Protein chains: 2
Amino acid sequence: MRRRLLNEAARVLSEGGPAALSARRLAKEAETSTMAVYTHFGSMPELVRALTREGFDRFLVRVEAVARNDDPVAELAELCGVYQAFARAERDVYAVLFGGSTLLGFTLTDEDRAMGVAVLRHPRDAIRRCIAAGRFRRDADPDLLVRQLFCQMHGLAQLDHVGYLVGAHGPDRVLAAMIHDFAVAAGDPAAAATRSVAAGLGRGDSPA
Amino acid sequence: MRRRLLNEAARVLSEGGPAALSARRLAKEAETSTMAVYTHFGSMPELVRALTREGFDRFLVRVEAVARNDDPVAELAELCGVYQAFARAERDVYAVLFGGSTLLGFTLTDEDRAMGVAVLRHPRDAIRRCIAAGRFRRDADPDLLVRQLFCQMHGLAQLDHVGYLVGAHGPDRVLAAMIHDFAVAAGDPAAAATRSVAAGLGRGDSPA
DNA sequence: GTCCGCTTCATAACAGCGTTACAGTGGGCT
DNA sequence: AGCCCACTGTAACGCTGTTATGAAGCGGAC
């Protein structure tokens with residue numbers, strides 16, 4: 001029943017948006033009563049918490065699927081592409097994980113956020129390899145840089161979601177430019193950055 | 001009454017957060033009945049819309065208060081500082097303006113978003129002056145760059161709000177680094193960028 | 001002055017929400 | 001068999017946004 005409630009919750013959320021997620025709606029979809037929510041989760045916010053944990057897991061799976069290769073800048077670009085692809089594929093879940101969406105009063109705990117921070121290990125390692133490979137400056141600070149990149153990726157994902165990135169330059173164009181400029185500012189030659197970004201974003205699922 | 005309801009709404013929102021904003025609570029605070037909301041606004045979402053319009057206005061006032069000076073990169077940095085200061089001063093309003101917060105079912109219309117996009121005119125003009133002054137590359141695209149900067153500013157503001165920017169490097173450090181790297185990638189020499197960012201963020205209200 | 005019309009507000013109600021108290025109901029273990 | 005415990009259906013409480021209804025006040029016309 002627990003599994004079934006979570007599955008229905010994910011389905012209702014993706015099909016009907018955050019407003020459609022209610023205890024009574026869930027009970028109807030799962031062919032049970034609202035009590036099932038309280039025996040298995042305790043409250044609706046706790047059910048949402050379970051949803052976020054699965055969301056973090058799926059996010060981590062995508063990120064870990066990025067293969068290590070001999071061009072760390074391309075690898076970093078691919079990680080960014082995966083980030084955007086996840087944000088688009090699971091808009092409403094992403095909004096809860098990183099966008100501050102409360103969704104029935106649920107708010108992230110420090111422990112929840114730790115799961116999000118844990119994902120940053122991968123881009124930070126990629127940045128370290130960029131430094132080791134001589135692409136980024138030797139005195140660059142991976143911890144600071146990964147935070148900057150995190151802000152850029154989240155800002156892009158959410159502004160796109162909310163509808164602010166319409167017009168001349170779409171989100172894909174902005175994404176490529178941001179990664180390119182990020183690498184250049186970190187020390188990568190412009191031509192090399194252009195090549196690696198194209199290679200990284202071309203690999204795997206396009207965020208489009 | 002209309003004014004009074006809006007004032008009380010802004011107060012309740014800032015004091016009690018989004019969850020505290022309800023028609024009955026508003027009616028009690030403004031010493032009237034819930035009907036007042038419907039005669040003056042039609043619905044609660046429409047009242048929220050009125051709140052957002054005032055939010056956009058206050059945002060624009062802050063941005064327009066940034067004085068033009070002979071260092072366009074510093075001016076750009078100051079604009080970024082003002083952006084962060086506004087996001088922190090009016091967290092919940094900002095979350096509705098740019099963060100996709102629904103707040104009683106309200107969602108932005110294209111017209112609403114146009115008010116947000118209008119604010120971007122100022123940083124875009126600053127970027128143009130950076131190009132004209134020879135600080136940024138002559139072939140830089142202001143429209144693309146301002147979108148990149150927008151993403152960075154929003155990502156920083158919201159990740160800070162949600163609580164993801166704790167630890168070694170706080171939001172102020174990340175902000176300075178992002179603007180610096182943004183300028184460097186656009187063509188500004190690192191030393192000049194460092195100086196201008198320090199000057200721009202030092203001016204006016206600190207985002208801290 | 002008196003009446004009309006219009007705006008505005010108070011009361012009460014409806015449907016929905018999360019949540020809870022209570023009364024089973026079923027299956028597994030002794 | 002008997003017992004216990006996890007589970008669930010029903011109904012209710014207090015909250016939400018919203019609406020129907022009626023009353024009150026105000027401004028202008030005659």
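Treat the numbers as computed from the prediction; the structure is a model and nothing was measured. These numbers come from the heavy atoms of this one structure, side chains and all, not from hydrogens, waters or symmetry mates. To find a chain, count down the sequence lines: A is the first, B the second, and so on, and within it residues start at 1.
An OP1 or OP2 oxygen of D:dG9 is reached within less than 4.0 angstrom by a side-chain nitrogen or oxygen of A:T32. A:H40 has no side-chain polar atom (N or O) that falls below the 4.0 Å cut-off from OP1 or OP2 of D:dA6. Proximity of A:T39 to the phosphate of D:dA6: no side-chain N or O atom is located under 4.0 Å from OP1 or OP2.
In this structure, A:M1 atom CE and D:dG9 atom C1' are separated by 13 Å, rounded to whole Å. Computed from coordinates, the A:F106 CZ to C:dG18 P distance equals 16 Å when rounded to whole Å. The CZ atom of A:F41 sits 16 Å away from the C1' atom of C:dT19 (whole-angstrom rounding). As rounded to whole Å, 10 Å separates atom P of C:dT19 from atom CD of A:E46. Atom P of nucleotide D:dC15 and atom CG of A:L104 are separated by 19 Å, given to the nearest angstrom. Across the protein-nucleic acid pair, A:L47 atom CG and C:dC17 atom C1' stand 15 Å apart, rounded to whole Å.
For A:M35, whose side chain is taken as the heavy atoms from C-beta onward, the closest listed nucleotide among D:dG17, C:dA21, C:dC9 is C:dA21. Proximity note for A:A23 (side chain, C-beta onward) versus C:dT19, D:dT8, D:dT18: the nearest is C:dT19. For B:S33, whose side chain is taken as the heavy atoms from C-beta onward, the closest listed nucleotide among C:dA10, D:dT8, C:dT20 is C:dA10. Of the listed nucleotides (C:dG18, D:dT18, D:dT10), D:dT18 has the atom at the smallest distance from the side chain of B:M44.
Using a 4.0 Å cut-off between charged nitrogen and carboxylate oxygen, B:D172 and B:R88 count as a salt-bridge pair.
Residue pairs meeting the ring pair (Phe, Tyr, Trp, His ring centres under 6.0 Å) criterion with at least one member in residues 19-42 of chain A, sequence neighbours excluded, do not occur.
Between B:L76 and B:F182 the shortest heavy-atom distance is CD2-CE2, 3.8 Å. Residues B:F136 and B:V73 share a closest heavy-atom pair of CE1-CG2, 4.0 Å.
Mapping A:A36 and A:R24 onto DNA chain D by nearest heavy atom places A:A36 at the nucleotide closer to the 5' end.
Between the side chains of B:R135 and B:S196, a donor-acceptor pair is found at a separation under 3.5 Å.
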